[in-house]
Amino acid sequence: MMRRGLLWASTNPWLSTRLPERPFVRRAVRKFMPGETLEAALTEADRLGQLGVPTLITTLGENVETAEETREIVTEYVRAIEMAAAMGLDAEVSIKPTHLGLDVDQDLTLENVRQLTAHAEGRGTLWIDMEGSPYLESTLSLYRDIRSRHENVGLCLQSYLRRTAEDLESLIELGPRVRLVKGAYAEPPEIAFPAKRDVDASYVALARRLMDHLADGGDGFLGLGTHDPAMIQPLTEYATAAGLDGSQFEFEMLYGIGRREQRRLVRNGTPLRVLISYGAAWFPWYMRRLAERPANVWFVARSMFR
């Protein structure tokens, strides 16, 4: 029930306008992002890089309504790619298709993503995030087009969707770079598994399928987007048994979440990349992060009394 409420809040225009004005909400969100500016994100990326932890940078926002807005976002991502390269950072970028115009025009989005992927060539992977299921087919089409032209593009897949196993099979021959997550959008039960145990089982099966592909000499890469120790330990062991290294897989965790587990992975030499988000449009993203891990709500509650 709490998860459903948080996902509802993530799409509520009134709350997205009013709650970010509250000081206790702004204090709490600092747990998950170092600041609202690119400079703040890259400063933290530099600090993590000195600890041997590469990063993934994303500017928050989604569902833009004009072509002009998308051009501003493209300019911002170009700036992020250039600044990270100038600082010598191992920092990749991740984009949302609706932030680059998917609600406006498919061809516009394709042009924008092509431009960014080309700009990121030689500087790491350009990751395409997966949003709600209404955007699934268009996002898959977008990825396939970009992948036919560039190798340095990756796609997020969600284990809670019932169709993801079939989608992965359709992509295997492309040598895909996949970030596997559980999923954080409100979906009906005919589209997404409602039970956590089924989402977890799907996650493990999908991860093992791509690991087996890589172990057999197939092209691609697997980013394991999870903070769940019940996923991390067995999948680490599976990857080790398969002979995979950091050129083939890594765990990808959000800034500020599971810091103890992140430190443990670094100590053990397990490949890890940390996702750092920034920007003023953080409320929907923040609500989905709370919905993924409702225990974080207690962190917010404590912040109210500081």
Side-chain angles (χ1 to χ4, degrees), residues 16-17 20 29 32-49 54-132 135 138-139 141-156 177 179 252 254-255 273-286 288:
S16 67
T17 301
V29 80
F32 303 99
M33 53 186 284
E36 293 187 1
T37 67
L38 174 59
E39 289 75 14
L42 292 181
T43 295
E44 190 63 12
D46 185 40
R47 185 189 71 82
L48 289 171
T55 48
L56 186 61
I57 306 295
T58 188
T59 179
L60 296 171
E62 53 198 67
N63 302 108
V64 301
E65 298 178 348
T66 69
E68 183 178 354
E69 289 179 277
T70 74
R71 286 191 285 271
E72 293 174 357
I73 300 306
V74 169
T75 298
E76 178 66 8
Y77 273 115
V78 167
R79 192 168 76 96
I81 293 167
E82 292 289 348
M83 288 182 63
M87 295 172 66
L89 302 180
D90 181 351
E92 300 178 334
V93 297
S94 179
I95 59 94
K96 285 187 181 297
T98 67
H99 204 192
L100 292 175
L102 200 56
D103 288 328
V104 181
D105 181 78
Q106 177 89 14
D107 290 338
L108 170 67
T109 310
L110 185 57
E111 178 186 341
N112 287 335
V113 179
R114 282 176 180 171
Q115 179 182 342
L116 289 175
T117 309
H119 204 82
E121 195 86 54
R123 298 170 173 173
T125 300
L126 187 288
W127 289 96
I128 300 174
D129 205 356
M130 187 65 74
E131 302 177 74
Y135 299 106
S138 54
T139 302
S141 176
L142 177 70
Y143 170 76
R144 288 190 175 99
D145 182 282
I146 302 296
R147 181 63 184 84
S148 70
R149 302 163 185 263
H150 300 277
E151 293 186 4
N152 66 313
V153 61
L155 177 69
C156 180
R177 301 181 70 82
R179 180 199 302 142
E252 297 180 355
L254 296 172
Y255 177 84
R273 187 176 295 269
V274 170
L275 172 62
I276 301 177
S277 302
Y278 75 96
W282 49 261
F283 183 78
W285 168 86
Y286 179 53
R288 289 194 294 269

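- Under the 3.5 Å distance criterion, with hydrogens and angles disregarded, a donor-acceptor pair is assigned to the side chains of N112 and T70.
- In terms of heavy atoms, G101 sits closest to T109 at C-OG1, 2.9 Å.
- Between the side chain of N152 and the backbone N or O of T117, at least one donor-acceptor pair lies under 3.5 Å.
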Run the numbers on E62 and T98 for side chain to side chain donor-acceptor pair (under 3.5 Å), then give the verdict. CA-CA 5 Å; E62 53 198 67; T98 67; 5.8 Å; no
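- Partners of D103 by side-chain hydrogen bond (donor to acceptor under 3.5 Å, both in side chains), not counting sequence neighbours, listed by chain and number: N63, Y135.
- Side-chain contact between L102 and K96 is absent, with no heavy atoms from C-beta onward closer than 4.5 Å.
- A donor-acceptor contact closer than 3.5 angstrom links the side chains of T66 and E69.
- Closest heavy-atom contact between P34 and A40: CG-O, 4.0 Å.
- In this structure the side chain of L142 reaches within 4.5 angstrom of the side chain of P97, judged on heavy atoms.
- Contact check for V74 versus L100: side-chain heavy atoms found under the 4.5 Å cut-off.
- Residues in residues 109-119 take part in these salt bridge (charged side-chain N to carboxylate O under 4.0 Å, His left out) pairs, two or more places apart or across chains: R114-D145.
- Between R179 and L56, the closest side-chain pair of non-hydrogen atoms falls below 4.5 Å.
- When every heavy atom of A67 is checked against every heavy atom of V104, the shortest pair comes out as N-CG1, 4.3 Å.
- For T59, the side-chain contact (heavy atoms from CB on, under 4.5 Å) partners at least two apart in sequence or on another chain are E76, Y77, H99, Y278.
- Between L116 and V78, the closest side-chain pair of non-hydrogen atoms falls below 4.5 Å.
- In this structure, CD on E82 lies 13.5 Å from CE on M87, to the nearest 0.5 angstrom.
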Show the numbers, then the answer: is there a side chain to side chain contact (heavy atoms under 4.5 Å, CB included) between L38 and M83? CA-CA 9 Å; L38 174 59; M83 288 182 63; 3.6 Å; yes
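- Atom OG1 in T58 sits 12.5 Å away from atom CD in E92 (nearest 0.5 Å).
- Taking CD1 of I57 as the reference point, atom CH2 of W127 lies at 15.0 Å (rounded to 0.5 Å).
- Taken from CD1 in I73 to CD1 in I95, the straight-line distance is 11.0 Å, to the nearest 0.5 Å.
- The side chain to side chain donor-acceptor pair (under 3.5 Å) with T125 is formed by just one residue from the set H150, R177, E151; it is R177.
- To the nearest 0.5 Å, atoms OG1 (T55) and CD (E44) are separated by 9.5 Å.
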Could you please spell out the steps behind the side chain to side chain contact (heavy atoms under 4.5 Å, CB included) verdict for E252 and L275? CA-CA 7 Å; E252 297 180 355; L275 172 62; over 6 Å; no
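- Using a 4.5 Å heavy-atom cutoff, the side chains of D46 and L42 are not in contact.
- Counting heavy atoms from C-beta on, the side chains of L126 and H119 never come closer than 4.5 Å.
- At most 12 non-hydrogen atoms from other residues, nucleotides or ligands lie less than 6.0 angstrom from CD of E65.
- The distance from atom CD of E131 to atom SG of C156, rounded to the nearest 0.5 Å, is 10.0 Å.
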Take R79 and E39 through the salt bridge (Lys or Arg N to Asp or Glu O under 4.0 Å) test and state the conclusion after the steps. CA-CA 10 Å; R79 192 168 76 96; E39 289 75 14; 2.8 Å; yes
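- A heavy-atom distance below 4.5 Å is not found between the side chains of I276 and M33.
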